[in-house]
Amino acid sequence: MTLPDKIGLMEDAISEIRDGAVVMLGGFGVPGTPFCLIKELVRHGARGLTIIKNDANEAGMGVDWLLENGQVEKLIASHIGLNPTAVRLMNEGRIKVEFVPQGILAERIRVAGAGLMGFVTDIGLGTPLAEGKPQVTISGETGVLETALKADFALLHAEKSDPFGNLLFAATARNFNPLMAMAANKTIVEAEQVVPFGQIVPDAVHLSGAFVDHVAELGELPEVYDVIRR
């Protein structure tokens with residue numbers, strides 16, 4: 001059996017993202033964040049987006065580019081405090097922000113990838129984070145129903161990919177990336193290197209190419225990645 005070659009142009013892959021799409025962005029701060037794909041999404045110009053990311057990056061990078069360009073309608077994140085643009089737009093009512101504790105965010109994404117509708121937890125019970133959410137009693141204990149988080153697209157950054165999209169992430173850059181790939185209808189990856197089949201040994205594959213639709217090779221990392229240069 002011949003495996004499909006998923007290597008292509010970044011602009012072709014990003015052009016599939018339409019207005020109103022739900023887009024997951026991998027990364028924790030800088031590590032694992034697909035800055036080049038985000039830059040191409042800014043150039044593409046799709047608007048009314050719901051962005052799901054652990055954080056809102058800092059001013060002048062990543063999510064901030066989308067916010068400054070007026071492309072974001074809603075942001076789902078664990079924190080936005082390092083990005084004054086996000087805080088300002090939220091306070092002005094120009095974007096909606098849903099705050100989700102980091103572990104809950106990861107689990108809501110994971111259960112979506114597992115094909116589940118949600119999960120029950122006592123985290124956040126009795127706090128504003130649980131307001132408006134269904135409560136469930138199991139064996140006499142009450143918990144909050146947290147619904148699964150799905151996306152139309154996931155944009156990821158990987159250190160290496162083979163032509164099929166089997167991925168290797170560098171250290172903590174793995175973070176949310178594999179979970180998001182499994183929870184999205186389509187996954188677009190920017191890879192620092194594309195290597196031939198077999199050069200990523202099976203035990204080193206962090207995400208199977210079965211969850212990847214498009215791979216764009218970066219070649220050289222732009223300045224925004226300086227903090228993670230190895």
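Minimum interatomic distance between Ala191 and Lys160 (heavy atoms only, all atoms of both residues): CB-C, 4.5 Å. Closest approach of Gln71 and Leu41 over heavy atoms only: NE2-O, 3.2 Å. The shortest heavy-atom contact between Phe164 and Ala210 is CE2-N, 3.7 Å. Closest approach of Leu37 and Val189 over heavy atoms only: CD1-C, 4.0 Å. Between Glu192 and Leu221, the shortest heavy-atom contact is CG-CD2, 3.8 Å.
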Name every donor-acceptor pair, under 3.5 Å, that has one atom in a side chain of residues 115-127 and the other anywhere in the protein, sequence neighbours excluded.
{"residue": "Thr121", "atom": "OG1", "partner": "Ile123", "partner atom": "N", "Å": "3.1"}
{"residue": "Thr127", "atom": "OG1", "partner": "Gly124", "partner atom": "O", "Å": "2.6"}
{"residue": "Thr127", "atom": "OG1", "partner": "Leu129", "partner atom": "N", "Å": "3.2"}

Please tabulate, for the side chains in residues 197-205, all donor-acceptor contacts under 3.5 angstrom to protein atoms that are two or more places apart in sequence or on a different chain.
none

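Within the 4.5 Å cutoff, no side-chain heavy atoms of Phe28 are placed close to those of Arg174. Contact annotation: the side chain of Ile76 never approaches that of Ile51 to less than 4.5 Å [non-hydrogen atoms, C-beta and beyond]. When side chains are defined from C-beta on, Asp55 does not count as touching Leu82, because their heavy atoms never get closer than 4.5 Å. The side-chain heavy atoms of Leu149 and Met24, taken from C-beta on, include a pair separated by under 4.5 Å. Two residues are said to be in side-chain contact when any heavy atoms from C-beta on lie closer than 4.5 Å; Leu49 and Ile17 meet this criterion. Annotation: side chain of Leu25 is not in contact with side chain of Thr33 (no heavy-atom distance under 4.5 Å). With a 4.5 Å cut-off on side-chain heavy atoms, Pro101 and Ser78 do not count as touching. Side-chain atoms of Ser208 and Asn166, non-hydrogen and from C-beta on, do get closer than 4.5 Å to each other.
One finds the CD1 atom of Ile52 at 13.0 Å from the CZ atom of Phe153 (value rounded to the nearest 0.5 Å). Ser161 OG to Gln193 CD: the interatomic distance, rounded to the nearest 0.5 Å, is 11.0 Å. Rounded to the nearest 0.5 angstrom, Leu67 CG and Asn69 CG are separated by 10.0 Å. Between the CG atom of Asn185 and the NZ atom of Lys150 there is a distance of 8.5 Å, given to the nearest 0.5 Å. The CG atom of Leu9 sits 12.0 Å away from the CD1 atom of Ile14 when rounded to the nearest 0.5 Å. Separation of atoms CD (Glu217) and SG (Cys36) is listed at 12.0 Å; rounding is to 0.5 Å.
Cluster membership check: Ile7 does not share its hydrophobic cluster with Leu168, using side-chain heavy-atom separations under 4.5 Å among Ile, Leu, Val, Met, Phe, Trp and Tyr. Under a hydrophobic clustering in which Ile, Leu, Val, Met, Phe, Trp and Tyr are joined whenever their side-chain heavy atoms come within less than 4.5 Å, directly or via other members, Leu179 and Ile104 fall into the same cluster. Linking ILVMFWY residues whenever their side-chain heavy atoms come closer than 4.5 Å, directly or via other members, leaves Val215 and Val195 in distinct clusters. Neither Ile109 nor Phe99 shares a network with the other; the hydrophobic side chains, linked directly or stepwise wherever heavy atoms of I, L, V, M, F, W or Y lie under 4.5 Å apart, form separate groups for each. A continuous path of ILVMFWY side-chain contacts below 4.5 Å connects Leu105 to Val111, so both sit in one hydrophobic cluster.
For Glu92, the side-chain hydrogen bond (donor to acceptor under 3.5 Å, both in side chains) test picks out Arg94, with sequence neighbours left out. In this view, Lys133 and Glu146 satisfy the side-chain hydrogen bond (donor to acceptor under 3.5 Å, both in side chains) rule, not counting sequence neighbours. In this view, Lys39 satisfies the side-chain hydrogen bond (donor to acceptor under 3.5 Å, both in side chains) rule with no residue, not counting sequence neighbours.
Under the 6.0 Å distance and 45° angle rule, Lys53 does not count as a cation-pi partner of Phe176.
Between the side chain of Thr142 and the backbone N or O of Thr137, no donor-acceptor pair lies under 3.5 Å. In terms of modelled atom types and a separation under 3.5 Å, the side chain of Glu190 and the main chain of His157 share no donor-acceptor contact. Using modelled atom types, one side-chain atom of Asn175 and one backbone atom of Thr172 make a donor-acceptor pair closer than 3.5 Å. Listed for the Thr187 side chain is a donor-acceptor partner under 3.5 Å among the backbone atoms of Ala181. Side-chain atoms of Asn177 come within 3.5 Å of backbone atoms of Ala173 as a donor-acceptor pair (strictly under, hydrogens ignored). Distance alone, capped at 3.5 Å, places no donor-acceptor pair between the Glu40 side chain and the Asp12 backbone. Within the 3.5 Å criterion, the main-chain N or O of Ile38 finds no donor-acceptor partner in the side chain of Arg43. A side-chain donor-acceptor contact under 3.5 Å links Asn83 to the backbone of Ala56. Distance alone, capped at 3.5 Å, places no donor-acceptor pair between the Lys6 side chain and the Pro163 backbone. Judged by distance alone, the side chain of Asp19 and the main-chain N or O of Ala46 form no donor-acceptor pair under 3.5 Å.
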(message) Please determine whether salt bridge (Lys or Arg N to Asp or Glu O under 4.0 Å) holds for the pair Glu16 and Lys186, giving the CA-CA distance in whole Å, both sets of side-chain angles, and the decisive distance to 0.1 Å.
(response) CA-CA 10 Å; Glu16 298 183 20; Lys186 285 197 172 182; 2.7 Å; yes
(request) Test side-chain contact (heavy atoms from CB on, under 4.5 Å) on Glu159 and Phe169 and set out the steps. (result) CA-CA 5 Å; Glu159 181 179 11; Phe169 300 96; 5.9 Å; no
(request) Start with the C-alpha distance between Arg88 and Thr85, add both sets of side-chain angles, then the distance that settles side-chain contact (heavy atoms from CB on, under 4.5 Å), and finish with yes or no. (result) CA-CA 5 Å; Arg88 174 175 55 81; Thr85 305; 3.7 Å; yes
(request) Quick one: do Gln102 and Asn54 satisfy side-chain contact (heavy atoms from CB on, under 4.5 Å)? Show the steps, please. (result) CA-CA 7 Å; Gln102 193 172 89; Asn54 174 65; 2.9 Å; yes
(message) One pair to check against side-chain contact (heavy atoms from CB on, under 4.5 Å): Val194 and Asp162. What are the steps and the verdict?
(response) CA-CA 5 Å; Val194 173; Asp162 65 21; 5.9 Å; no
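Applying the side-chain contact (heavy atoms from CB on, under 4.5 Å) test between Ile188 and each of Asp213, Val23, Leu155, Leu156 identifies Leu155 as the sole match.
Between Phe35 and Trp65, the ring-plane angle classifies as perpendicular under the 30° and 60° cut-offs.
The salt bridge (Lys or Arg N to Asp or Glu O under 4.0 Å) contacts involving residues 60-87 comprise Lys74-Glu98, where partners must be two or more places apart or lie in separate chains.
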